[in-house]
Amino acid sequence: MKVLLTGATGYIGSAVTEHLTAAGHQVVALTRSAEPQPERGWHAQLVGDTADPASLAGAVTPDIEAVIHLAPPSGDAEVDSAVVEALAAPLRGTGRPFVYTSGVWVLGATGTAQEVGEEAPANPIDIVGHRPQIERRVLDEAAEGVRAVVVRPGIVYGRGGGIPAILVDRARTQGAPEYYGEEGVRWPTVHVDDLAELFLAAVERAGAGTVWHGVGESAVPVREIARAAGRVAGATGEPKAVPAAQAAEVFGPLFADALALDQSVSGAAARTVLGWKPDRPGTVTELESGSY
């Protein structure tokens with residue numbers, strides 16, 4: 001397929017590009033700058049900005065056979081909805097896929113019971129407050145003849161990036177590992193290359209109107225992630241729990257609350273139905289002996 005990819009220059013987008021092209025697909029990258037980037041492996045490059053929905057007019061040409069929307073949201077519900085309209089409208093009546101990237105933070109705190117699946121009601125924290133509304137907007141496209149799909153990644157790691165890299169940097173600058181919120185906080189995580197393979201599976205074979213959790217490990221204790229980050233940074237003391245209110249002074253209140261969010265989220269459905277096989281090293285192993 002010829003796949004239009006927003007967010008193609010980003011951390012996740014770079015991995016998705018590699019896995020799409022390796023599977024024989026052609027990536028048309030939507031970028032904010034017209035400056036050529038020949039080493040990216042793209043088939044073609046278009047200029048557009050997801051913060052400006054009007055700039056997306058004409059981006060989904062008749063030869064585009066799928067759209068993966070990876071670019072981060074603007075933070076404005078009307079703008080984000082208009083972006084979905086611009087990207088999905090040309091696909092109506094074609095049965096072609098439109099894959100939207102959300103995230104597990106829309107579930108909010110999941111409690112101490114068993115891990116939750118895609119059927120769990122949304123209870124978003126403030127940083128993603130309007131994201132469930134956009135998810136519904138995307139899924140409604142299934143009734144218009146679009147193979148509309150939502151992917152909710154967990155905390156992404158690998159290739160030396162993602163939120164765990166923040167813990168490495170903080171351990172290095174503070175001289176001690178730290179994490180945020182309560183001692184028992186857990187993160188559902190996914191390796192960036194495993195996640196890229198889920199996007200590939202979603203664009204190739206996920207059904208219309210479906211939601212998938214991109215989670216390789218359902219509930220990794222953040223204390224253990226912090227301890228591993230400390231080892232990488234050469235700070236081997238016991239991890240320190242930083243209250244969310246104090247973390248807000250560094251990260252801002254919205255992101256601090258997200259870092260302190262305790263979740264246990266299942267990625268089993270994608271394994272069972274889509275045949276997804278996340279098999280990269282786990283979060284702690286990747287930190288200690290991988291790319292960080």
Would you mind telling me which of His130, Gln133, Arg137 makes a side chain to side chain contact (heavy atoms under 4.5 Å, CB included) with Asp80?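 So the option named by the test is His130.
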
Given Leu198, Thr210, Val203, Thr101, the one that forms side chain to side chain contact (heavy atoms under 4.5 Å, CB included) with Val151: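 That would be Leu198.
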
Applying side chain to side chain contact (heavy atoms under 4.5 Å, CB included), run through Lys240 and Gln174 and close with a yes or a no. CA-CA 11 Å; Lys240 175 186 176 183; Gln174 299 301 305; over 6 Å; no

Go through the steps to decide whether Leu287 and Ile225 satisfy the test side chain to side chain contact (heavy atoms under 4.5 Å, CB included), and finish with yes or no. CA-CA 8 Å; Leu287 276 161; Ile225 299 175; 3.6 Å; yes

Apply side chain to side chain contact (heavy atoms under 4.5 Å, CB included) to residues Trp212 and Val273 and explain how you reach the verdict. CA-CA 10 Å; Trp212 307 95; Val273 180; 3.6 Å; yes

In one Ile/Leu/Val/Met/Phe/Trp/Tyr side-chain cluster, 4.5 Å: [X], [Y]:
X: Leu107; Y: Val150; value: no
X: Phe199; Y: Phe98; value: no
X: Leu139; Y: Trp105; value: no
X: Leu87; Y: Val16; value: no
X: Val83; Y: Val67; value: yes

Could you check whether any side-chain heavy atom of [X] comes within less than 4.5 Å of a side-chain heavy atom of [Y], counting everything from C-beta outward?
X: Leu259; Y: Trp187; result: yes
X: Glu197; Y: Arg280; result: yes
X: Val60; Y: Leu4; result: yes
X: Ile134; Y: Pro73; result: no
X: Pro278; Y: Arg271; result: yes
X: Arg170; Y: Val242; result: no
X: Val138; Y: His69; result: no
X: Tyr157; Y: Ile155; result: no

Do we see a donor-acceptor contact under 3.5 Å between the side chains of [X] and [Y]?
X: Gln263; Y: Thr110; result: no
X: Thr61; Y: Asp63; result: yes
X: Thr50; Y: Thr6; result: no
X: Arg40; Y: Ser14; result: yes

Residues that Glu204 engages under side-chain hydrogen bond (donor to acceptor under 3.5 Å, both in side chains), provided they are two or more places apart: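 Once residues adjacent in sequence are excluded, the partners of Glu204 under the side-chain hydrogen bond (donor to acceptor under 3.5 Å, both in side chains) criterion are His25.
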
[atom1]/[X] to [atom2]/[Y] distance, rounded to the nearest 0.5 angstrom?
X: Glu118; Y: His213; atom1: CD; atom2: NE2; value: 4.5 Å
X: Met1; Y: Leu200; atom1: CE; atom2: CG; value: 8.0 Å
X: Leu5; Y: Ile64; atom1: CG; atom2: CD1; value: 10.5 Å
X: Asp49; Y: Leu56; atom1: CG; atom2: CG; value: 7.5 Å
X: Arg136; Y: Ser81; atom1: CZ; atom2: OG; value: 11.0 Å
X: Arg147; Y: Arg205; atom1: CZ; atom2: CZ; value: 10.0 Å

Which pair of non-hydrogen atoms, one from [X] and one from [Y], has the smallest distance, and what is that distance?
X: Gly237; Y: Pro177; answer: O-CG, 3.2 Å
X: Leu195; Y: Pro153; answer: CD2-CB, 3.8 Å
X: Ala51; Y: Val79; answer: O-CG1, 3.9 Å
X: Ala256; Y: Ala244; answer: CB-O, 3.8 Å
X: Trp276; Y: Asp194; answer: NE1-O, 2.8 Å
X: Val232; Y: Tyr292; answer: CG1-O, 3.1 Å

Should we say atom NZ of Lys277 is surrounded by more than 12 heavy atoms from elsewhere, each under 6.0 Å from it?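 Count not over threshold, so no.
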
Other residues, nucleotides, ligands: >12 heavy atoms within 6.0 Å of Gln114 CD: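 No, because the 6.0 Å sphere around CD of Gln114 holds 12 heavy atoms or fewer from other groups.
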
State plainly whether the residues Glu85 and Arg92 are in salt-bridge range, i.e. N to O under 4.0 Å.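 Arg92 and Glu85: salt-bridged.
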
Between Asp169 and Arg172, does any side-chain N to carboxylate O distance fall below 4.0 Å?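 Salt bridge present between Asp169 and Arg172.
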
Measure from the side-chain N and O atoms of [X] to the backbone N and O of [Y], and report whether any donor-acceptor pair falls under 3.5 Å.
X: Arg131; Y: Ser102; answer: yes
X: Glu141; Y: Ala208; answer: no
X: Glu286; Y: Ser291; answer: yes
X: Glu115; Y: Ser264; answer: no

Just do the salt bridge (Lys or Arg N to Asp or Glu O under 4.0 Å) check on Arg159 and Asp193 with the steps written out, would you? CA-CA 9 Å; Arg159 301 194 180 197; Asp193 285 291; 2.6 Å; yes

When the ring planes of Phe251 and Tyr180 are compared, do they come out parallel, tilted or perpendicular, using 30° and 60° as the limits?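 It falls in the perpendicular class, over 60°.
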
What do the steps show when you test Val284 against Glu288 for side chain to side chain contact (heavy atoms under 4.5 Å, CB included), and what is the final call? CA-CA 6 Å; Val284 171; Glu288 292 184 331; 4.0 Å; yes

